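Taking it in order: structure first as structure tokens, then the write-up.
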Amino acid sequence: MTPYELSAAIDGLAAMNSVQLRKAWHRVYGTVPNKGLGPSLMRRGIAYRLQEQAYGGVSAATLRTLVRLAEQLNKSGDLDVERQLSLKTGTRLVREWHGRTCHVTVLENSFLYEDQQYASLSQIARVVTGTKWSGPRFFGLRQRSDPAARVSARG
């Protein structure tokens, strides 16, 4: 499919009614769309699939990342996207906070703090401080951006 044909096919979705969209969905996905799926979402889903067929889908690495993030969200209800730092299993992170030393051990898929496992460093930072923090920043794995650099970059 040429870019022009793809553009025309996507533009054509706007004129389709629900019955036509359901048929188009079945044509591109090979399944019947969920009954709760409204016309707007069907149009978007069909357009995405057409583009995916024309240009290729997401990479295997992106799919692995999405699966990992979905598992993390289901497990903890929290996402710590910055956790993609390569911390090796067994690494110990140490942070002093208000006179108290906090030790965290990196496990294969989680973190151990005070004999309890956490899915993210941000959860641990929240437990330690009582407020919402970026876990990697709290443990010094990511530096806070320089305020002077932000000011000079803006102008």
Side-chain angles (χ1 to χ4, degrees), residues 3 6-7 10 13-14 18 21-22 24-26 28-155:
L6 176 62
S7 181
I10 291 172
L13 296 173
S18 293
L21 288 168
R22 289 187 177 286
W25 183 282
H26 189 269
V28 299
Y29 282 102
T31 62
V32 177
N34 182 319
K35 290 192 185 273
L37 206 55
S40 176
L41 285 176
M42 280 193 284
R43 283 184 187 94
R44 292 177 192 177
I46 295 166
Y48 175 82
R49 184 63 167 191
L50 290 172
Q51 292 173 77
E52 184 179 51
Q53 290 170 343
Y55 300 117
V58 297
S59 68
T62 299
L63 285 175
R64 283 192 303 273
T65 299
L66 290 172
V67 167
R68 181 186 58 76
L69 290 171
E71 289 171 353
Q72 182 184 3
L73 184 62
N74 286 335
K75 184 176 177 181
S76 68
D78 190 23
L79 283 180
D80 189 359
V81 178
E82 295 176 61
R83 194 172 106 201
Q84 292 182 26
L85 302 162
S86 327
L87 295 174
K88 293 186 180 191
T89 302
T91 299
R92 289 194 46 143
L93 305 173
V94 180
R95 166 70 196 258
E96 188 173 327
W97 178 256
H98 293 283
R100 182 173 148 214
T101 303
C102 307
H103 297 270
V104 173
T105 303
V106 177
L107 303 177
E108 189 171 333
N109 293 310
S110 60
F111 301 91
L112 183 66
Y113 172 66
E114 293 187 342
D115 297 323
Q116 188 171 353
Q117 287 189 26
Y118 294 87
S120 74
L121 289 174
S122 294
Q123 288 179 321
I124 297 170
R126 194 172 304 128
V127 168
V128 171
T129 66
T131 60
K132 191 169 184 171
W133 270 74
S134 161
R137 183 172 290 151
F138 179 79
F139 286 98
L141 301 173
R142 180 171 169 226
Q143 297 299 314
R144 171 174 270 155
S145 59
D146 182 10
R150 283 197 308 258
V151 171
S152 63
R154 283 187 277 187

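In this text, all values refer to a predicted model and were calculated from it rather than measured experimentally.
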How long is the span from the [atom1] atom in [X] to the [atom2] atom in [Y], to the nearest 0.5 Å?
X	Y	atom1	atom2	value
L50	S7	CG	OG	11.5 Å
I10	I46	CD1	CD1	10.5 Å
N109	Q117	CG	CD	9.5 Å
S40	L13	OG	CG	11.0 Å
L37	W25	CG	CH2	5.0 Å
R22	N34	CZ	CG	8.0 Å

For residues [X] and [Y], report the shortest heavy-atom separation together with the two atoms involved.
X	Y	value
R92	T105	CG-OG1, 4.0 Å
A54	L6	CB-CD2, 4.0 Å
S122	P136	OG-CD, 4.2 Å
M42	S18	CE-O, 4.2 Å

Self-check item: Full working for side chain to side chain contact (heavy atoms under 4.5 Å, CB included) between E96 and C102
Solution: CA-CA 6 Å; E96 188 173 327; C102 307; over 6 Å; no
Is a side-chain donor or acceptor of [X] paired with a backbone partner of [Y] at a separation under 3.5 angstrom?
X	Y	value
Y113	L121	no
S110	A119	no
E52	Y48	no
R126	K132	no
Q116	L112	no

Quiz prompt | Residues R100 and E114 bridged, charged N to O under 4.0 Å | solution = yes
Practice problem: May I ask you to check whether T62 and T65 show a side-chain donor-acceptor distance below 3.5 Å? | Solution: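 Not at all, the side chains of T62 and T65 share no donor-acceptor pair under 3.5 Å.
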Exercise. Go through V106 and K88 one step at a time and tell me if the side chain to side chain contact (heavy atoms under 4.5 Å, CB included) criterion holds.
Key: CA-CA 7 Å; V106 177; K88 293 186 180 191; over 6 Å; no
Quiz item: So W97 and W133, would you call those rings parallel, tilted or perpendicular, with 30° and 60° as cut-offs?
Solution: perpendicular
Practice problem: Under the side chain to side chain donor-acceptor pair (under 3.5 Å) rule, what do T131 and T129 come out as? Steps first, then yes or no, please. | Solution: CA-CA 5 Å; T131 60; T129 66; 3.2 Å; yes
Quiz item: When you look at I124 and F139, which way does the side chain to side chain contact (heavy atoms under 4.5 Å, CB included) test go after all the steps?
Solution: CA-CA 10 Å; I124 297 170; F139 286 98; 3.9 Å; yes
